[in-house]
Amino acid sequence: MENKEHAQSTVYKESIDTLMQQTQSSPDGLSSTQAKEKLERDGLNQLKEAPKKPTWKLFLETFKDAMVIVLLVVALIQMVMGDYIEFFVIFAVLMLNSVISVIQTKKAEGSLEALKNLSAPDAKVIRDGKEMTIPANELVVGDIVLLDAGDYVPADGRLLEAGSLKVDEGMLTGESTSAEKEVVEITQTVPIGDRLNMVFSGTIITYGRGKFLVTATGNNTEIGEVAGLLESTTEQVTPLQRGLDKFSKKLSLAILGLSLVILGIQLFRIYMGGGTGDMTADIVSAIMFAVAVAVAAIPEALQSIVTIVLSLGTNKMAKRHAIIRKLPAVETLGSTSIICTDKTGTLTQNKMTVVDYYLANGATGDFSNDPKNWSVDERRLIEISVLANDASISEDGSKLGDPTEVAFVDFSEKMNQPYREIRQTYPRQAELPFDSDRKLMSTAHEIDNQQFLFVKGGPDIVFGRSTKALVNGEVVPMTDELRKKFQEQNEAFSKRALRVLAFAYRPINSLELSFDDEDDLILVGIMAMIDPPRDEVTQAVKEAKSAGIKTIMITGDHKTTAVAIAKEIGIFAEGDQALTGTELDELSEDQLNEVLEKVTVYARVSPENKIRIVRAWQTKGHISAMTGDGVNDAPALKQADIGIAMGTGTDVAKDAAAMVLTDDNFASIVSAVEVGRNVFDNIKKAISYLFSGNLGAIIAIIFALVADWSNPFTALQLLFINLVNDSLPAIALGTEKAEPATMKRPPRDPNSGIFTDKTLISVTYRGVLIGIAVIFAQWLGMQHSAEFGVAMSFTTLIWCRTLQTFPARSNTQTAIQAGFFSNRSVLLAVAVCSALYCIAMIPGLKEVFSIPAAFGLTEVFTCIGIALVTVVLMEITKMILVRVQGNK
Ligand code: ATP
């Protein structure tokens, strides 16, 4: 069947057999070869994106800059006046500048694109008769796809199975309530909202499970028809970028003002007869100089440098298992002071093993591994545990499904009772899927012509709903004594940090299940599982603590189990408190605020509780990260400053999150915080480097103006310095490794911005040093001639700025302490800058850069010497400051 045929779909009216035939599919799905062929024929399952701006357009756009236009015009005038070489060199410098800026933009774009691909959704399909996970964009017509609560439906298709399936189709139909889906026949023509046997791409599974046959992909889906071309939405601006943008606009205006003043003074001098005699040439060169000052001093590379450093950071985080979905998160991570984390799977290994059990008749301890010896109660316990259960073990031994459920399937097998046998004997007739609000899961089965509901779930919930118990094969009324015994046993298991689930059942009269059926239960027993903490978690909690970050456990599990584990890994200390969701509900805002700082464990929480906890911390001015994986966690993930979804979590959670953990590991959050802090530091270093260099040049220019010396640089020299020193070293600084104390200092105040007083002082100090060095060099050169003065200041500025890359590498260490060769990018950037200077010194080009022929190696080395003294002074000051202020 052609993919296109289904655009105007009548798929909902066809019989499933016909559809299977048309799509060449079967209940075992497509074969991999078929899928591959179809993918090649129909293309990827994604909405077509609007074409990106072509490179030539990006290149041309760099000439839209007003400064560049003025510069070009002035250069043109110069050419008309016969100054060809100068014109060509300016032109070449501008072209090079544009090329570099295009490369930067492309690089930034590329890394954002890579970011998007990293967080692309997956789909669970059946191919070659096997369940597998593939990237959702590789789905083809004929694939059979499995759906769970929290998934985005990845393509359009016809339902083959639906278990209490509810879908939010708001994006297609505008309906705000979830639509209930069923496997029914529809014969009449109905609108999309009434096609109950279909699911549509882009809609969200809010409840239940399902299986469907893909009938349309990519732009042939209903959403594809509506959406048309999808705008590429990779562009994301962070608060830092916004702040910097504002700042650089102001700065640019100030520099423009300064350039105008410089121009005014120079024109006045020419007017007073201070020029070379050729009035027009003098005016043109005065304008040229003023524009060059503006071009050189305005930090136009700032934006792309910040984007590049941010995206370098996201790459680094991805390597540490944290995929950033929203760029601002990189920055926010650096200010995070609270991490609210799930327990199961994030702090623990999520490898559960049943280690103990307890039955109403008091049986506990070792289970017989010969099913023949099982009592009626024991058999029923095992039956419920594998029937009210979606996990399975495939032929190759790999385990599929929720680890809690895998544990029971495993246990049954270990006790020599194949779980499949039980499932074949009592097939599932209906179900009420698990959700973390109810903390229950139930399925319906027929035993001896009577239908039963088998229920498993959180012990407290099941105890509360049980009115009877199974004791030695007899159903007896639940007594207070019996319930108390169960509660005590549950508590005892929980104190051993075990995760406990309870099992119950009841007869039912109809397969039309509702949540009311999960009441009036016959309690059978509880099973306890061990789920050991992850090895690296204790260390990560400690590291977070020393970085001023508080870790809080928020779990759906039982309070005692939660506290036991929290103690083991250092989250719960002496004097801390633990609250359950119910206890939290009873607290007023004020009461919560009062205890907030003390509570390190929240147990049996609902997703709504999570939002309240985050808000409470936010009102206290904290930046909080929060983990989540379920379909109901999305609002809490959005509310948190950094929502963190689990890689194994639902699509909805991932979509709401700013960051996704590919290994579900708490330690990866702490590691991402370190990268976040490092990125912010590096951006600060790059910007400080740029600004102090620019400041040094401006100080020298203003001084020369006031002292009535000739301009310390020619226009061309300034443009050249701008080209050489602006981007490469700054980007190289962006790759600097984390400072040793990165995780020993408190989180950054989110309102402080880049320019704290300390940074401003250091930028000014370094700028002034460079300025003085250049002025001194010019004075030294002027002892020979004015031209020598200019050549000296030009050379000194280039070398000061180039060598300044070393002190800019760290705020607390000298370049030698930080490992002189440890950042190769910095070495490379310095080498390129030095090489570019050498090129300018080649005879022929030398004249173009106004360097006298007699300006030789002695002069060059004098300038390098002056620059060296300057950077050594910077390093010495740093060491003194570190001594005085401590290693902060
Ligand atoms: P965390 O919130 O730290 O990830 P959790 O897995 O305990 O821990 P939920 O998945 O929300 O959190 O589960 C809440 C509770 O529901 C569990 O503590 C358990 O008592 C019960 N539960 C978990 N999984 C199942 C399941 N598959 N079937 C029935 N009950 C379950």
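Quick note: numbers below take in every heavy atom, side chains included, and nothing from hydrogens, waters or symmetry partners. Count residues from 1 along the sequence. For ligands, and for the atoms within them, numbers begin at 1 and follow the listed sequence.
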(message) Suppose we call two aromatic rings close when their centres sit under 6.0 Å apart. Are Tyr357 and Phe503 close by that rule?
(response) no
(request) Begin with the C-alpha distance, continue with both residues' side-chain angles, and end with the deciding distance and a verdict on salt bridge (charged side-chain N to carboxylate O under 4.0 Å, His left out) for Lys559 and Asp460. (result) CA-CA 11 Å; Lys559 184 158 146 185; Asp460 34 354; over 6 Å; no
(message) Can you report which non-hydrogen protein atom sits closest to atom 6 (O) of ligand 1, along with the distance?
(response) Arg499 NH2, 3.0 Å
(message) Counting only heavy atoms closer than 4.0 Å, does ligand 1 sit against the backbone of Asp402, its side chain, both, or neither?
(response) side chain
(message) For atom 20 (O) of ligand 1, tell me which residue out of Ser385, Ser436, Gly458 has the closest non-hydrogen atom.
(response) Gly458
(request) Examine Asp629 against ligand 1 and note whether any of their N/O atoms are separated by less than 3.5 Å. (result) no
(request) Consider every N or O of Gly556 and every N or O of ligand 1, then say whether any pair is closer than 3.5 Å. (result) yes
(request) Indicate yes or no: does an N/O atom of Lys456 lie under 3.5 Å from an N/O atom of ligand 1? (result) yes
(request) For His558 and ligand 1, answer yes if some heavy atom of the residue is under 4.0 Å from a ligand atom, otherwise no. (result) no
(message) Aromatic contact between Phe493 and Tyr358, with the criterion being ring centroids under 6.0 Å apart: yes or no?
(response) no
(message) If the cut-off is 4.0 Å to any non-hydrogen atom of Asp557, which atoms of ligand 1 fall inside it?
(response) 7 (O), 18 (O)
(request) Could you tell me whether Glu405 approaches ligand 1 through its side chain, its backbone, both or neither, with non-hydrogen atoms closer than 4.0 Å? (result) side chain
(request) Would you kindly check if the NZ (Lys) or CZ (Arg) of Arg612 is within the cone defined by 45 degrees around the ring axis of Tyr602 and under 6.0 Å from the six-membered ring centre? (result) no
